[in-house]
Amino acid sequence: MNSARNTAPHGATQTPGAIRVLLADDQTLVRAGFRSMLDDEDDIEVVGEASDGEQACALARQLRPDVVLMDIRMPVLDGLEATARITADPALEGVRVVILTTFDMDDYVYGALRAGASGFLVKDTEPMELLHGVRVVARGDALIAPAVTRRLIAEFAGRSKQPDPSPRLNALTDREREVMGLVGAGLSNDEIAQRLVLSPATAKTHVSRIMTKLDVRDRAQLVILAYESGMITPGWLA
């Protein structure tokens with residue numbers, strides 16, 4: 001039974017300027033709950049629903065949503081592989097994926113971030129946090145709280161391969177490397193500005209320039225690169 005639900009034709013939106021969201025979860029009641037919360041907002045519109053990862057990929061290509069809320073465990077194709085396919089597709093460059101998980105330290109979360117996800121939300125998150133998360137990711141930021149970033153790095157420190165310095169880092173100035181290290185350690189732009197005695201706008205400019213030079217999708221990918229290149233290690237900022 002195909003339970004994919006397409007609620008808007010390709011390229012169309014019922015609310016001009018609204019954030020277009022695709023829901024991907026194999027539980028109908030979960031999708032209904034998220035839809036109810038999201039559709040109540042004037043600036044957010046659910047444009048489709050999928051019950052497995054393969055449907056999520058197909059609807060992402062058809063609908064080009066701004067954000068996909070992706071359950072990590074689904075039949076046919078799991079959320080991890082679906083995320084990797086969506087983020088690897090040049091035609092879907094503007095589509096951001098947020099992983100939905102039952103536990104905030106799910107073993108799959110780190111892999112999902114490496115696959116290109118822009119962050120993750122716990123399924124029982126408060127409605128306001130869900131709405132905030134959708135808006136954050138839609139504007140191109142990563143949905144990883146600093147504390148969660150630090151926990152992810154510590155949790156998976158022993159599971160990743162040895163640091164592999166990337167030649168791409170040679171394009172960074174000393175200041176940009178310093179800023180990247182702080183991003184990787186989980187600091188927000190405001191915290192980076194305070195630590196380096198910069199204005200928040202300058203810190204944000206540094207982060208944007210670094211992402212452009214390194215060709216990463218968002219802050220989440222910058223965190224992963226900072227860790228895997230050996231730029232930071234657990235406890236680095238302590």
Side-chain angles (χ1 to χ4, degrees), residues 1-87 89 91-104 106 108-109 112-113 115-144 217-218 220:
M1 176 179 176
N2 187 343
S3 57
R5 181 177 175 186
N6 179 351
T7 59
H10 176 53
T13 181
Q14 297 170 358
T15 308
I19 298 169
R20 306 173 74 252
V21 177
L22 170 64
L23 299 175
D25 194 295
D26 62 337
Q27 298 183 48
T28 304
L29 287 178
V30 171
R31 297 199 308 272
F34 282 134
R35 170 180 282 277
S36 178
M37 284 187 283
L38 295 168
D39 275 346
D40 276 346
E41 301 300 303
D42 293 338
D43 63 333
I44 300 175
E45 176 187 7
V46 176
V47 296
E49 297 181 19
S51 61
D52 62 57
E54 196 167 86
Q55 293 173 357
C57 291
L59 285 179
R61 288 190 292 269
Q62 180 183 356
L63 300 172
R64 307 291 171 88
D66 299 302
V67 178
V68 179
L69 292 179
M70 180 86 72
D71 184 21
I72 203 150
R73 293 187 178 93
M74 290 186 292
V76 184
L77 190 70
D78 67 25
L80 186 63
E81 180 59 29
T83 296
R85 292 188 186 183
I86 289 172
T87 59
D89 188 339
L92 301 179
E93 184 178 357
V95 178
R96 298 289 182 261
V97 179
V98 175
I99 294 295
L100 298 171
T101 179
T102 305
F103 305 103
D104 63 354
D106 193 301
Y108 292 106
V109 168
L113 293 175
S118 293
F120 66 94
L121 285 167
V122 184
K123 281 190 176 181
D124 62 358
T125 189
E126 294 294 326
M128 291 305 296
E129 292 182 12
L130 172 68
L131 298 174
H132 172 71
V134 168
R135 292 178 177 119
V136 164
V137 171
R139 67 173 181 249
D141 293 331
L143 186 61
I144 310 179
R217 287 171 61 93
D218 55 30

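Quantities reported herein were computed from a predicted structural model and do not represent experimental measurements.
Minimum heavy-atom separation, I72 to D78: O-CB, 3.6 Å. When all heavy atoms are compared, the tightest approach of A50 to L59 is CB-CD1, 4.1 Å. Of all non-hydrogen atoms in P65 and A60, the two that sit nearest each other are CD-O, 3.6 Å. Here the closest non-hydrogen pair linking A18 and E45 is CB-CB, 4.2 Å. The shortest heavy-atom contact between M70 and I86 is CE-CD1, 3.7 Å. The shortest non-hydrogen separation linking P127 to M37 is CB-SD, 3.5 Å.
No side-chain heavy atom of V95 sits less than 4.5 Å from a side-chain heavy atom of L22. With contacts defined as side-chain heavy-atom distances shorter than 4.5 Å, the pair V98/V134 does not qualify. Contact annotation: the side chain of I99 approaches that of T83 to within less than 4.5 Å [non-hydrogen atoms, C-beta and beyond]. Contact check for R135 versus E41: side-chain heavy atoms found under the 4.5 Å cut-off. A heavy-atom distance below 4.5 Å is not found between the side chains of V30 and L100.
Atom CZ of R35 sits about 11.5 Å away from atom CG of D40, to the nearest 0.5 Å. Note that the CD atom of E54 and the CZ atom of R85 stand 6.5 Å from one another [nearest 0.5 Å]. To the nearest 0.5 angstrom, R61 atom CZ is 7.0 Å from D89 atom CG. Taking CD1 from I19 and CG from L38, the interatomic distance works out to 9.5 Å, rounded to the nearest 0.5 Å. The distance from atom CG of D71 to atom CZ of F34, rounded to the nearest 0.5 Å, is 8.5 Å. Between E126 atom CD and H132 atom NE2 the span is 14.0 Å, to the nearest 0.5 Å.
Side chain of R20 to backbone of G17: no donor-acceptor contact under 3.5 angstrom is found. Here the side chain of D39 pairs a donor or acceptor atom with the backbone of V46 at under 3.5 angstrom. No donor-acceptor distance shorter than 3.5 angstrom exists from the side chain of R96 to the backbone of A138, with no hydrogens or angles considered. The backbone N or O of S51 sits less than 3.5 Å from a side-chain atom of Q55, completing a donor-acceptor pair.
Screening L92, L77, D52 for a side chain to side chain contact (heavy atoms under 4.5 Å, CB included) involving C57 leaves a single residue, L77.
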